[in-house]
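Quick notes on the structure that follows.
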2 protein chains.
Amino acid sequence: MKIEPESCRVDDALGILVGKWKPLILLHLLKNGTQRFSELKRSVPGITQKMLTNQLRDLEEEDIIERKVYPQVPPKVEYSITEYGRSLEPILNAMHEWGTNHIIHKREKMKKENVGNERKL
Amino acid sequence: MKIEPESCRVDDALGILVGKWKPLILLHLLKNGTQRFSELKRSVPGITQKMLTNQLRDLEEEDIIERKVYPQVPPKVEYSITEYGRSLEPILNAMHEWGTNHIIHKREKMKKENVGNERKL
DNA sequence: CCCTGTAGTATCCTTTTATATACTATACCA
DNA sequence: TGGTATAGTATATAAAAGGATACTACAGGG
C-alpha cells in the first residue's frame, strides 16, 4: 500500500527522532532500562545539561519516556521508556541496520568512482 | 539483537531523511516514477527552487536518486529513485504508519488528561 | 523584438538548533 | 566552614537550516 504524499505522516515520526541526541538517549534507555539524569549524562559523552534536559522534555511530551521525581535532596529523577515508546524500537533497529549498510554502500561507490577517475588520467 | 549505543548508525539513516521536504520528494518519486524538476516543484507546494535543488542534490549525493540531464533548450532534467534508494521504502512506510498511529495516540492521551482536569474543577 | 518556459545560481535575511558558561538549592561529609 | 553531588534554569552566542527575491541562458512563438 503506497503512502499518499498529501496525507504523509512520516514527518510526525521523524520529528520525534530528530535532534542531535535523541536516538542515543533512547538507545541507552532501551538497553539499560531506567536511568537517572546523571547516568544518562555520563552515558552520552559531550552532551550539555541543557541539551539533555531539552531532549528529555521533548520525548516526555510525546509520551515516549517517563519522568519520575523523587522528592529528596540531592534530587533524584529517573527516566525510562514507556510501553508506548517501545513501539519506536523496530524503527530504530531498521534505521540502524540501513545506516550500517549505507556506510558500506558509500565506501564501495567511492571505490568505483576512484577507479573510474584513474582511467581518465 | 540490541544496538550498541557506541556504534549506533541511526543518525546515518536519519541524516538522509531529514530536511523539511525530503520525505515528500521521495514519496513523489516512489509513487510517480521519473519526474522532471518542474513537475516535482508543482507536486510539492510551497517549496522554493533553492530548497528543491538543495534537497535533490543531497539525495543524489547519497545515491538515493538519479539525475539525468538532457542537453537541450529549454533545459530538461529528470529525477528518479535509484534501485538502492528503494531500500528506504520500508522505513518510510514504517514511519508513516507509526506517525499515523501517533496522532491517534496523542488525541487519546489529551482526552484522558482533559477528563482528569475536569474532575479537579 | 519581446514574452514564455526550464533548471538552475547568487545574495541576503530570518528562524531554528545547538553550545558554552554561569548560576541555583540543599543535604551530607570531613 | 567549605566542598561535593544532583537536577536542573538562565543567558548569551554560534552554527545550521530554511526562505525571499532577483538573476542567468537560450529556443520557440507571436
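In what follows, chains carry the letters A, B, and so on, assigned in the order in which the sequence lines appear, proteins first and then strands, with residues in each chain numbered from 1.
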task: List in numerical order all residues of residues 33-42 of chain B for which some heavy atom is under 4.0 Å away from an atom belonging to DNA chain C.
output: B:R36, B:F37, B:S38
query: Same cluster for A:M110 and B:I16 if Ile/Leu/Val/Met/Phe/Trp/Tyr side chains link at under 4.5 Å?
result: no
- request: Group every Ile, Leu, Val, Met, Phe, Trp and Tyr by side-chain heavy-atom contacts under 4.5 Å, then state whether A:I65 and A:Y70 land in the same group.
  value: no
field: Residue pairs, two or more places apart or on separate chains, that pass side-chain hydrogen bond (donor to acceptor under 3.5 Å, both in side chains) and touch residues 32-44 of chain B
entry: none
message: Checking A:V73 now: which residues fulfil side chain to side chain contact (heavy atoms under 4.5 Å, CB included) with it, not counting sequence neighbours?
response: none
- request: With sequence neighbours left out, write down each residue that passes salt bridge (Lys or Arg N to Asp or Glu O under 4.0 Å) with B:R67, or none if nothing qualifies.
  value: none
task: Heavy atoms only: give me the nearest B:I81-B:G85 pair and the separation to one decimal.
output: CG2-C, 3.8 Å
message: Run the salt bridge (Lys or Arg N to Asp or Glu O under 4.0 Å) test against B:K20 and tell me which residues pass, sequence neighbours left out.
response: none
field: ring-ring contact (aromatic ring centres under 6.0 Å, His included) involving B:H28 - partner list, sequence neighbours excluded
entry: none
task: Identify whether B:I104 and A:I91 are in the same connected component of the hydrophobic contact network (ILVMFWY, side-chain heavy atoms under 4.5 Å).
output: no
- request: Using atom types as modelled and distance alone, determine if a side-chain donor or acceptor of A:K22 lies under 3.5 Å from a backbone N or O of A:V18.
  value: yes
field: First encountered from the 5' end of DNA chain D, between B:G46 and A:V77
entry: A:V77
query: Any idea which heavy atoms bring B:P23 and A:V10 closest together, and the distance?
result: CB-CG1, 3.9 Å
message: Quick check for you: to the nearest 0.5 Å, what is the distance between A:L40 atom CG and A:L56 atom CG?
response: 6.0 Å
message: By the side-chain hydrogen bond (donor to acceptor under 3.5 Å, both in side chains) test, which pairs, at least two apart or in different chains, include something from residues 4-16 of chain B?
response: A:K31-B:E4
query: Among residues 12-28 of chain A, which contact DNA chain D at a heavy-atom distance under 4.0 Å?
result: none
- request: At under 4.0 Å between heavy atoms, which parts of nucleotides 24-30 of chain D does protein reach? Answer with one letter per nucleotide, 5' to 3': B base, S sugar-phosphate only, - none.
  value: --BS---
- prompt: Does anything in residues 97-108 of chain B pair up under salt bridge (Lys or Arg N to Asp or Glu O under 4.0 Å), and if so which pairs, sequence neighbours excluded?
  reply: A:E62-B:K106
- prompt: Based on Watson-Crick and G-U pairs with both distances under 3.5 Å, what dot-bracket line describes DNA chain C 5' to 3', crossing pairs as [ ] and inter-strand pairs as |?
  reply: ||||||||||||||||||||||||||||||
query: Parallel, tilted or perpendicular for B:Y79 and B:F37, by the 30°/60° rule?
result: tilted
task: Please report, rounded to the nearest Å, how far the P atom of D:dA7 is from the NZ atom of A:K68.
output: 15 Å
task: Please list residues of residues 50-59 of chain A whose heavy atoms come under 4.0 Å from any atom in DNA chain D, ordered by number; otherwise none.
output: A:K50, A:T53, A:R57
task: Check every strand shown and say whether A:Y70 touches a base, only sugar-phosphate, or nothing at a heavy-atom separation below 4.0 Å.
output: nothing
